[in-house]
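To keep things clear, I will list the structure first and then write my remarks on it.
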Amino acid sequence: MLTLSARPRRAWWNCLASTNEIHDILPETHSKHLPFNNIPASFHAAPMVRLEGPLVANTGETWTVSVFVDGVGSEAPGEELLAFGYNVGFPSHGLGISGVTVAVPFADDTALLGGPFAGSVFPGLQGSSILLGSISFNALQEGTYTVSVRDQIDRPDITGLFTTAGRYPIEAYAEVIVRVPDASSTFCLLATGLCSAMLVYLRIKTTNATAAGRGC
C-alpha cells in the first residue's frame, strides 16, 4: 500500500469531495457520482457497514466493537473503497469511550480532517469484512444502550464511504446490555482466588519443611 504524507492526503480528500458529484443511497436517491468512474452507485447494491463485538458487559468492564464494511465491488466490478469517515454515537450516562482506532492499511486522517474518525487508502480495497476500525467502550451504568457509527449530514465531504463509484452514507447500530455483576458470582470468584492462594502457600511451606528435614 502507498503511504501518502499529510498534504497529498488532504488533496486526496479534496478530490473525493470535489464539486457536488457525490450521491447518497437514500429513498430520494439522485444519481450523482464521483469522477473516478461513471457507474452510478444507485445502479447496484450499496456497501454496508456493520458493528461486531460483545453485546453484554458488566459494569466496570471495557470491551471493543469492530467496524466492518461488506460488499465493496460485489455488484459493481472494479469498485474500490478509497476512504471513510464516521462519528461514534453512544449515551454518555451509561457508557464511556476509551479509544478509537483506524485499522491498517488505512491512513488515520482523523487529526488531518479535524473532525470525525476517518481513514483513506490507495490503491483502494475490494471485498467484504473490510475492517475500518475499532471502538473501545467502558461500561459505566446498568442498562440497555445503543451505540452507532454514522456519517454527518452536514459534512458529506468528509463522512461516509467513498468508493470509485460514489459516496454512500454510513449508518450502523448495535444494542449493548450492561449488567451489574451478580454478588454470588463475585463471591465465588473471590473465594476461588483465596483457596488457590492458600494451596500455593501450603505447597511452598511443605516443600520448604521437607527440604529442611533432609538437610538435618
Side-chain angles (χ1 to χ4, degrees), residues 1-10 12-13 16-17 47-72 81-122 124-125 127-163 167-182 185-186 189:
M1 287 292 171
L2 177 65
T3 302
L4 301 176
S5 61
R7 184 173 294 179
R9 293 207 320 272
R10 177 68 263 191
W12 179 236
W13 277 94
L16 289 174
M48 298 296 293
V49 173
R50 59 182 167 87
L51 301 179
E52 192 173 288
L55 300 180
V56 179
N58 292 325
T59 52
E61 290 182 345
T62 298
W63 80 101
T64 299
V65 172
S66 298
V67 185
F68 291 94
V69 61
D70 297 315
V72 179
L81 176 64
L82 303 173
F84 69 88
Y86 56 74
N87 290 311
V88 178
F90 63 97
S92 58
H93 66 280
L95 303 176
I97 192 166
S98 60
V100 177
T101 61
V102 172
V104 176
F106 293 95
D108 188 343
D109 293 333
T110 304
L112 179 69
L113 301 178
F117 302 103
S120 60
V121 64
F122 185 81
L125 303 177
S128 292
S129 295
I130 299 173
L131 180 63
L132 302 181
S134 59
I135 311 155
S136 295
F137 291 99
N138 298 321
L140 305 178
Q141 183 175 306
E142 183 181 17
T144 300
Y145 307 106
T146 298
V147 298
S148 66
V149 293
R150 299 187 64 182
D151 58 303
Q152 192 171 326
I153 294 176
D154 60 345
R155 294 306 308 271
D157 56 326
I158 58 174
T159 63
L161 290 174
F162 295 88
T163 78
R167 175 197 180 275
Y168 302 90
I170 290 178
E171 190 169 11
Y173 301 88
E175 191 173 82
V176 178
I177 300 173
V178 176
R179 305 179 301 193
V180 176
D182 183 66
S185 299
T186 303
L189 288 173

- Is there side-chain contact between Val178 and Gln141, with at least one heavy-atom pair below 4.5 Å? no
- Does any pair with a residue in residues 57-71 pass salt bridge (charged side-chain N to carboxylate O under 4.0 Å, His left out), and if so which ones, sequence neighbours excluded? Arg50-Asp70
Listed pairs under 3.5 Å, donor-acceptor, residues 83-99 side chains, sequence neighbours left out:
residue	atom	partner	partner atom	Å
Asn87	ND2	Gln152	OE1	2.8
Ser98	OG	Ser136	O	3.3

- Heavy-atom pair of closest approach, residues Ala118 and Asp108: O-OD1, 3.6 Å
- Got a second to check how far Leu140's CG is from Thr59's OG1, nearest 0.5 Å? 9.5 Å
- In this structure, CZ of Phe106 is separated from OG1 of Thr101 (nearest 0.5 Å) by 12.0 Å
- Item | For the student: nearest non-hydrogen atoms of Gly71 and Pro47, plus distance | O-CG, 4.1 Å
- Note on the structure: Between the CG atom in Leu51 and the CG atom in Leu132, the distance rounded to the nearest 0.5 Å is 10.0 Å
- Note on the structure: To the nearest 0.5 Å, atom CG of Leu81 lies from atom OH of Tyr168 at 10.0 Å
- Message: For a side-chain contact (heavy atoms from CB on, under 4.5 Å) check, start with the C-alpha distance between Ile170 and Arg150, then their side-chain angles and the critical distance, and finish with the verdict.
- Response: CA-CA 5 Å; Ile170 290 178; Arg150 299 187 64 182; 5.6 Å; no
- Smallest separation among heavy atoms of Pro54 and Thr64, with atom names: CD-O, 3.4 Å
- Query: What is the minimum heavy-atom distance between Gly119 and Val102, and which atoms define it?
  - Reply: CA-CG1, 4.2 Å
- Hey, are the side chains of Leu125 and Val72 touching, using non-hydrogen atoms and a 4.5 Å cut-off? no
- Task: Working to the nearest 0.5 Å, report the span between CZ of Arg167 and OG1 of Thr159.
- Result: 5.0 Å
- Item | Closest non-hydrogen atom pair, Val49 against Ala172 | O-CB, 3.5 Å
- Roughly how far, to the nearest 0.5 Å, is OG1 of Thr110 from CD1 of Ile158? 10.0 Å
- Using only heavy-atom distances, determine whether the side chains of Glu171 and Tyr173 contain a donor-acceptor pair under 3.5 Å. yes
- Val147 side chain near Ile135 side chain, heavy-atom distance below 4.5 Å: no
